[in-house]
Amino acid sequence: MTSGALGANRAAPSGGHAVVVGGGLAGITAALALADAGVRVTLFEGRPRLGGLAFSFRRGQLTVDNGQHVYLRCCGAYRWFLDRIGAAALAPLQDRLDVPVVDVTRPEGRRLGRLRRDALPVPLHLGRSLATYPHLSLADRAKVGRAALALKGLDLADPALDTQDFGSWLTAHGQSARAVEALWDLVGVATLNAVASDASLGLAAMVFKTGLLSDPGAADIGWARVPLGELHDRLARRALDSAGVRTEVRTRVTSVSADDGGGWNVRVPGETLQTDAVVLAVPQRETYQLLPDGALDAPGRLLEIGTAPILNVHVVYDRKVLGRPFLAALGTPVQWVFDRTEASGLTDGQYLALSQSAAQDEIDEPVAVLRERYLPELERLLPRTRGAVVQDFFVTRERTATFAPTPGVGRLRPGARTKAPGLYLAGAWTATGWPATMESAVRSGVGAAGAALGALGRSRGLLPDFFEEAA
């Protein structure tokens with residue numbers, strides 16, 4: 001459904017009022033879904049912008065994303081979100097999965113391999129790619145195929161999967177350290193923000209089953225060709241305005257409390273709003289601080305949900321050094337490299353962004369140390385950087401970029417509903433079944449809105465078709 005069609009069918013407000021706390025993707029989604037169903041909505045965001053942890057900022061003449069964000073064709077909720085805010089054309093998908101993977105450890109020098117799909121049914125769509133993948137031995141390739149079939153047979157509804165770690169499961173299914181490095185972690189670290197040994201088998205199985213083993217095109221990659229702020233702030237704010245949402249940035253909610261009439265009081269500096277429903281769409285620690293007593297059986301569990309960092313290294317060269325939109329790397333600290341030249345507004349040279357997930361060991365390293373580490377690695381990886389002038393080098397750090405997908409985290413993630421009528425939770429860290437991705441955030445927002453609409457007596461008819469999964 002297009003944003004125009006959804007806006008045209010939006011119900012007229014009928015007096016119900018909801019406050020959404022938090023203007024990240026979860027909060028924006030919840031506000032849009034509620035407003036489209038005829039609820040009067042106020043959204044509060046403490047930052048001066050919308051978008052949460054997927055945002056942009058200015059650095060001289062550059063428009064810089066705080067980190068590289070991608071999505072997959074199987075991310076139906078985020079694709080719906082892009083369509084709803086009128087941004088689908090600005091973040092297109094690949095026609096077909098194609099990931100260049102460069103290994104710099106070979107004695108003969110750099111070697112390029114590719115992970116790409118054919119127009120064949122699952123699992124044959126990846127068969128030729130794996131059969132010719134040069135970064136694995138013939139024996140490893142055969143064992144990867146057998147492990148993939150075993151993974152496909154796992155029941156994602158089995159809670160026992162969440163108690164196991166993915167690394168041990170891979171070892172038990174014949175995967176060598178090289179196979180983990182060159183394939184399973186190549187994908188898993190970027191999607192889970194954890195190496196296999198630190199990741200829940202349940203979440204890892206969900207990623208690989210959904211992304212690689214469900215539909216031939218499920219893993220085709222999409223990314224914004226414009227700054228993230230254009231999508232998640234400007235266009236999102238325009239969609240909220242068109243939907244009739246009152247959006248207040250630089251406004252931090254200080255307390256949420258039930259009133260005697262069965263509604264809620266939401267306090268911000270200089271104002272207290274009375275409302276019928278509240279959606280808390282903020283990180284788990286902030287949610288814990290705002291939750292009224294009795295809203296969850298064990299609120300302390302929210303503080304047990306760990307966090308994981310992502311480091312982004314930004315390098316501007318005086319010339320073009322990378323001839324493709326992105327690549328993945330092996331045998332080097334570099335994980336993924338993206339060309340952000342056009343999106344940033346740079347007109348001369350080339351701007352590369354290195355996305356470094358599971359960066360616990362580097363997140364607090366000084367810029368000078370990271371420069372000494374990563375510039376030589378880029379020279380190993382991209383020969384054209386040798387002799388190129390580095391015009392700028394800087395880093396962005398998200399110390400709490402995602403929740404940590406550790407074994408056992410599933411029992412800690414709450415659903416959208418709380419024990420307090422009219423109070424709902426949203427955020428990528430809630431129980432969506434997905435790891436901490438933009439997809440999870442959007443699903444959580446729709447799930448919270450759907451729960452609130454039911455309590456408010458409003459129709460759920462305009463909710464997207466993935467709502468039942470997200471509820």
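- A donor-acceptor pair is defined here as one N or O able to donate and one able to accept, closer than 3.5 Å; such a pair exists between the side chain of T275 and the backbone of H17.
- Counting non-hydrogen atoms of other residues, nucleotides and ligands closer than 6.0 Å to OH of Y288 gives a total of 12 or fewer.
- Smallest separation of non-hydrogen atoms from A179 and Q175: CB-OE1, 3.9 Å.
- Rounding to the nearest 0.5 Å gives a distance of 9.5 Å between CG of L183 and CG of D140.
- Residue R128 qualifies as open at atom CZ: its count of foreign heavy atoms under 6.0 Å is 12 or below.
- Remark: side-chain polar atoms of E230 are not paired, donor with acceptor, to backbone N or O of A87 under 3.5 angstrom.
- Considering every non-hydrogen atom in both V253 and L290, the closest pair reads O-CD2, 3.9 Å.
- Counted by atom type alone, T432 and S444 present zero donor-acceptor pairs between their side chains at under 3.5 Å.
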_Between L203 and V409, is the side-chain contact (heavy atoms from CB on, under 4.5 Å) condition met? List the steps._
CA-CA 9 Å; L203 284 172; V409 73; 4.0 Å; yes
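- Once rounded to the nearest 0.5 Å, the distance linking CH2 of W80 with CD of E439 reads 11.0 Å.
- Proximity of a side-chain donor or acceptor of H173 to a complementary backbone N or O of A150 within less than 3.5 Å is not detected.
- Within 6.0 Å of CZ on R250 lie no more than 12 heavy atoms contributed by other residues, nucleotides or ligands.
- Considering W336, F326, Y71, F338 as possible partners of W223, the one that fulfils the ring pair (Phe, Tyr, Trp, His ring centres under 6.0 Å) test is F326.
- Between the side chain of R380 and the backbone N or O of V104 there is at least one donor-acceptor pair closer than 3.5 Å.
- In this structure, D103 pairs ionically with R178, as a charged nitrogen and a carboxylate oxygen lie closer than 4.0 Å.
- Put simply, the side chain of L453 does not reach to within 4.5 Å of the side chain of S459, judged on heavy atoms.
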| field | CA sep, side-chain torsions, deciding dist, call: S197, D165, side-chain hydrogen bond (donor to acceptor under 3.5 Å, both in side chains) | value | CA-CA 6 Å; S197 58; D165 74 86; 5.9 Å; no
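- Annotation: the span from I305 atom CD1 to R413 atom CZ amounts to 7.5 Å, rounded to 0.5 Å.
- Under a cut-off of 6.0 angstrom, the local environment of CZ in R285 is sparse, with at most 12 non-hydrogen atoms contributed by other residues, nucleotides or ligands.
- Separation of atoms CD (Q164) and CG (L154) is listed at 8.5 Å; rounding is to 0.5 Å.
- For the pair L126 and L97, the minimum side-chain heavy-atom distance is below 4.5 Å.
- Counting non-hydrogen atoms of neighbouring residues, nucleotides and ligands closer than 6.0 angstrom, the CZ atom of R114 exceeds 12 such neighbours.
- Within a 6.0 Å sphere centred on NZ of K209, heavy atoms belonging to other residues, nucleotides or ligands number more than 12.
- In this structure, the side chain of R73 does not engage the main chain of D220 through any donor-acceptor pair within 3.5 Å.
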Verdict with reasoning, L235 to L90, per side-chain contact (heavy atoms from CB on, under 4.5 Å):
CA-CA 11 Å; L235 291 178; L90 301 178; 3.8 Å; yes
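- For E377 and R373, the salt-bridge test fails: no basic side-chain N is under 4.0 Å from an acidic carboxylate O.
- Side-chain N or O atoms of T29 include one that pairs as donor or acceptor with a backbone N or O of L25 at under 3.5 Å.
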Item to complete: Applying side-chain contact (heavy atoms from CB on, under 4.5 Å), run through H69 and Y78 and close with a yes or a no.
Response: CA-CA 12 Å; H69 290 69; Y78 184 67; over 6 Å; no
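- Taking all atoms of both residues into account, the shortest heavy-atom contact from L330 to E181 is CD2-O, 3.6 Å.
- T437 places none of its side-chain heavy atoms less than 4.5 Å from the side chain of T191.
- Salt-bridge check for R237 with D233: passed, with a basic side-chain N closer than 4.0 Å to an acidic carboxylate O.
- Looking at every heavy atom in both residues, A243 comes nearest to L32 through CB-CD2, 4.2 Å.
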Kindly determine whether T272 and N265 satisfy side-chain hydrogen bond (donor to acceptor under 3.5 Å, both in side chains), including the steps that lead there.
CA-CA 6 Å; T272 299; N265 293 318; over 6 Å; no
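- Looking at V195 and F166, their side chains never come closer than 4.5 Å, going by heavy atoms from C-beta outward.
- Contact annotation: the side chain of R79 approaches that of L93 to within less than 4.5 Å [non-hydrogen atoms, C-beta and beyond].
- Considering every non-hydrogen atom in both D185 and A196, the closest pair reads OD1-N, 2.9 Å.
- Between R397 and D364 there is no salt bridge, since no side-chain N of the basic residue sits under 4.0 Å from a carboxylate O of the acidic one.
- A salt bridge links R84 with D36: the distance from a Lys NZ or Arg NE/NH1/NH2 to an Asp or Glu carboxylate oxygen falls below 4.0 Å.
- A distance of 12.0 Å separates CD in E286 from CG in L302, rounded to the nearest 0.5 Å.
- Side-chain atoms of T251 come within 3.5 Å of backbone atoms of V249 as a donor-acceptor pair (strictly under, hydrogens ignored).
- Of all heavy-atom pairs between S357 and V189, the closest is CB-O, 3.4 Å.
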Would R141 and L136 count as a side-chain contact (heavy atoms from CB on, under 4.5 Å) here? Give the steps. CA-CA 6 Å; R141 292 177 216 163; L136 293 178; 3.9 Å; yes
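- In this structure a side-chain-to-backbone donor-acceptor pair under 3.5 Å is missing from R267 to S255.
- If you run side-chain hydrogen bond (donor to acceptor under 3.5 Å, both in side chains) between E398 and each of N66, T307, N193, only N66 comes through.
- For the pair L192 and D198, the minimum side-chain heavy-atom distance is 4.5 Å or more.
- V187 places none of its side-chain heavy atoms less than 4.5 Å from the side chain of V99.
- Using a distance-only test at 3.5 Å, with no hydrogens or angles considered, a donor-acceptor pair links the side chain of T287 to the main chain of V282.
- Aromatic ring pairs are classed by plane angle as parallel below 30°, tilted from 30° to 60° and perpendicular above 60°; the pair H232 and F81 is tilted.
- The neighbour count for D155 CG, taken as heavy atoms of other residues, nucleotides or ligands under 6.0 Å away, is above 12.
- Side-chain atoms of V64 and F57, non-hydrogen and from C-beta on, do get closer than 4.5 Å to each other.
- Rounded to the nearest 0.5 angstrom, L151 CG and M206 CE are separated by 12.0 Å.
- Remark: R301 does not engage E304 in a salt bridge, criterion side-chain N to carboxylate O under 4.0 Å.
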